[in-house]
Amino acid sequence: MAKHAMRSVGGTAWASLACTRSQLRLDLNLGCGQNFRWKETGDGHWTGVMGGRVWTLTQTDDRLWYHVYNNKDGHKEEDNRKRKACGSAQQLNKSEKRRKVNMKEEENDEPVTVTVKKEGEEEMLVDYFQLNVNLEELYREWGLADPHFKHISNIFTGIRMLRQNPTECLFSFICTSNNHISRIQGMVDNLCRSLGMPLCELDGTTYYDFPSLSALADDKVEALLRDLGFGYRARFLQQSAKHILEKHGPDWLQGLRSTPYLQARDALRSLPGVGLKVADCACLMSLDKADAVPVDTHVWQIAKRDYKCAAGSAQKTLTDKVYRDIGDFFRQLWGPYAGWAQSVLFCADLKKFQKLKEMPSVKLEDDKKASPPIKKAKLKMKNKKLNKIEKPRSVCHKKAKLAPQDK
DNA sequence: GGTCAACCTGG
DNA sequence: CAGGTTGAC
């Protein structure tokens with residue numbers, strides 16, 4: 001039977017691309033509630049579904065390693081048709097910069113784990129993690145404008161924005177209302193298991209693709225999901241899918257990627273179960289709106305506690321006006337990638353990551369105002385010159401092995 | 001425009 | 001109560 005790939009075990013084909021931990025931290029990115037489907041299946045190994053395929057990812061100090069599993073036979077055609085419909089393979093060729101790939105071909109003909117087709121896989125990863133965006137440079141800019149960010153960011157490096165499939169993103173976040181991460185994960189899991197296509201089986205666990213819009217739109221879906229414990233969200237999910245297909249068409253969500261932010265957000269808000277917060281999540285995490293700032297109760301607290309943001313300090317609840325004011329406040333502070341910056345602070349606020357703050361780690365520059373200015377200037381210049389070259393920086397990244405508690 | 005309660009379920 | 005949305009004042 002097929003097993004989850006482990007880099008230390010061998011017998012599996014792995015490929016890798018250059019990527020430092022300051023550009024990407026898998027543990028933080030895949031466990032902070034941007035996406036609810038990645039699981040740590042081995043020490044530092046994360047397995048999940050992306051682009052209709054099952055992947056295991058892991059990283060070393062300066063490389064991101066990946067293994068892609070073959071889907072079961074008999075599902076491939078359906079799978080391809082579906083991916084085409086979602087258009088998730090588009091816009092991949094933005095990556096001008098070719099990265100060096102280590103391919104270890106494997107001749108072993110074991111049915112499921114052998115990687116046959118490697119074309120496009122690196123591009124899919126670059127697209128999913130948006131690796132063409134230089135995160136270190138963004139961190140530097142945010143830190144310059146915002147001392148509090150600078151403080152937090154010394155520990156929480158490598159938090160970037162995933163570029164998710166819009167359908168998965170929107171419908172996952174419809175599940176988040178009045179809910180917590182641990183339960184959301186279970187719900188999204190159930191959603192895929194009951195309505196998604198099976199992709200492959202590893203160590204007895206079957207991985208499923210996220211359901212298509214047409215699967216979600218079926219009239220029987222509400223009752224089905226209610227039985228699975230989705231509560232009032234069952235109707236939102238089914239009705240939103242139906243609404244999209246009937247009033248717009250299967251490619252509508254994807255098309256919102258080229259619609260201006262506020263216009264796209266308003267469009268999403270016409271769907272049942274989609275308010276400002278859910279619409280902003282979909283905008284930020286799947287529709288290329290880097291300035292969308294989802295404001296939940298946590299971010300509201302952060303705004304008041306850490307930024308003395310006056311907006312809504314008098315209000316009892318998060319009204320639409322307060323919501324917009326807080327978003328504007330952060331956009332003014334952080335600029336066009338405000339949504340990305342917000343996710344760093346959000347992540348740092350999660351209970352499961354609090355341990356990271358207590359560790360001695362490398363919070364050097366923050367408390368070292370006395371550090372020689374010349375050295376700093378030099379470093380800055382160096383970074384500017386080398387542009388996308390990352391400065392290697394060892395970061396203590398001991399995993400927070402805590403119960404699936406959120407906040 | 002702001003406030004409030006209801007909505008499902010389980011940690 | 002929990003990473004919200006809705007409908008009614």
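Every chain is numbered from 1 and lettered A, B, ... according to where its sequence line falls, protein lines coming before strand lines. Heavy atoms only: backbone and side chains are in, while hydrogens, waters and symmetry mates are out.
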**Report entry** C:dG3: pairing nucleotide in any strand, Watson-Crick or G-U under 3.5 angstrom
**Finding:** none

Query - Whole-Å gap separating C1' (C:dA2) and NZ (A:Lys351) - result: 12 Å

Query raised in the report: Touch check for A:Phe230, heavy atoms < 4.0 angstrom, all strands: base, sugar-phosphate only, or nothing?
Result: nothing

**Report entry** Spacing of the P atoms in B:dG10 and C:dT5 (rounded, Å)
**Finding:** 22 Å

Requested in this report: Please state how far atom NZ in A:Lys352 lies from atom P in C:dA2, giving the value in whole angstrom units.
Outcome: 17 Å

Report task. May I ask you to say what A:Cys32 touches in the nucleic acid, namely base, sugar-phosphate or nothing, with a heavy-atom cut-off under 4.0 Å? Result -> base

Query raised in the report: So, is A:His180 close to the C:dG3 phosphate, meaning a side-chain N or O under 4.0 Å from OP1 or OP2?
Result: no

Report task. Classify the nucleic acid contact of A:Arg226 as base, sugar-phosphate or nothing, counting any heavy atom under 4.0 Å across all strands shown. Result -> sugar-phosphate

Query - Pair A:Phe149 + A:Phe330: ring centers closer than 6.0 Å - result: no

**Report entry** Out of C:dG3, C:dG4, B:dT3, whichever nucleotide has its closest atom nearest the side chain of A:Tyr232
**Finding:** C:dG4

Query raised in the report: Should the pair A:Asp328-A:Arg331 be classified as a salt bridge under the 4.0 Å nitrogen-to-oxygen rule?
Result: yes

**Report entry** Check: A:Thr20 side chain, A:Asp62 main-chain N or O, donor-acceptor pair, under 3.5 Å
**Finding:** no

Query raised in the report: Within the structure shown, what part of the strands sits under 4.0 Å from A:Val274 by heavy-atom distance: base, sugar-phosphate, or nothing?
Result: sugar-phosphate

Requested in this report: Check every strand shown and say whether A:Val322 touches a base, only sugar-phosphate, or nothing at a heavy-atom separation below 4.0 Å.
Outcome: nothing

Report task. Specify the separation, in whole Å, of atom CG of A:Asp296 and atom C1' of C:dT5. Result -> 14 Å

Query raised in the report: Using atom P of each nucleotide, how far apart are C:dC1 and B:dC4 to the nearest Å?
Result: 15 Å

Report task. Applying salt bridge (charged side-chain N to carboxylate O under 4.0 Å, His left out), run through A:Asp189 and A:Arg183 and close with a yes or a no. Result -> CA-CA 10 Å; A:Asp189 220 50; A:Arg183 187 153 84 102; over 6 Å; no

Query raised in the report: NA contact type, A:Gly33, heavy-atom cut-off 4.0 Å: base, sugar-phosphate, or nothing?
Result: base

Query raised in the report: Once you round it to whole Å, what is the distance between P of C:dT5 and CG of A:Asp320?
Result: 9 Å

Requested in this report: Specify the separation, in whole Å, of atom CZ of A:Arg235 and atom P of C:dG4.
Outcome: 19 Å

Query raised in the report: Is there a donor and acceptor pair, one atom on the side chain of A:Tyr323 and one on the base of C:dG4, closer than 3.5 Å?
Result: no

Report summary line: Separation of B:dT3 atom C1' from A:Gln315 atom CD, nearest Å, is 10 Å

Report summary line: Comparing nearest nucleotides in DNA chain C, the 5'-proximal residue of the pair A:Cys281, A:Pro272 is A:Cys281

Query - Check: B:dC7 base within 3.5 Å donor-acceptor of A:Arg233 side chain - result: no

Query raised in the report: With sugar-phosphate meaning primed atoms plus P, OP1 and OP2, does A:Ile184 contact a base, only sugar-phosphate, or nothing at under 4.0 Å between heavy atoms?
Result: nothing

Requested in this report: May I ask you to decide if the ring planes of A:Tyr139 and A:Trp142 are parallel, tilted or perpendicular, using 30° and 60° as cut-offs?
Outcome: tilted

Requested in this report: Classify the nucleic acid contact of A:Leu271 as base, sugar-phosphate or nothing, counting any heavy atom under 4.0 Å across all strands shown.
Outcome: sugar-phosphate

Query raised in the report: Any donor-acceptor pair under 3.5 Å between the side chain of A:Arg183 and the base of B:dC8?
Result: yes

Report task. For B:dG2, take OP1 and OP2 only and decide whether either is under 4.0 Å from a side-chain N or O of A:Thr319. Result -> yes

Requested in this report: To the nearest Å, give me how far apart CE (A:Met187) and P (B:dG10) are.
Outcome: 10 Å

Query - Closest listed nucleotide, where the reference is the side chain of A:Phe236 and the choices are B:dG2, C:dA2, C:dT6 - result: C:dT6

**Report entry** Residues A:Gln239 and A:Lys242: side-chain donor-acceptor under 3.5 angstrom
**Finding:** no

Requested in this report: Taking the six-membered ring for Trp and the full ring for Phe, Tyr or His, determine whether the centres of A:Tyr207 and A:His4 are under 6.0 Å apart.
Outcome: yes

Query - Nucleotide nearest A:Phe346 when distance is taken to its side chain, options C:dG4, C:dG3, B:dG2 - result: C:dG3

Query raised in the report: In whole angstrom, what separates A:Arg324's CZ from B:dG2's C1'?
Result: 14 Å

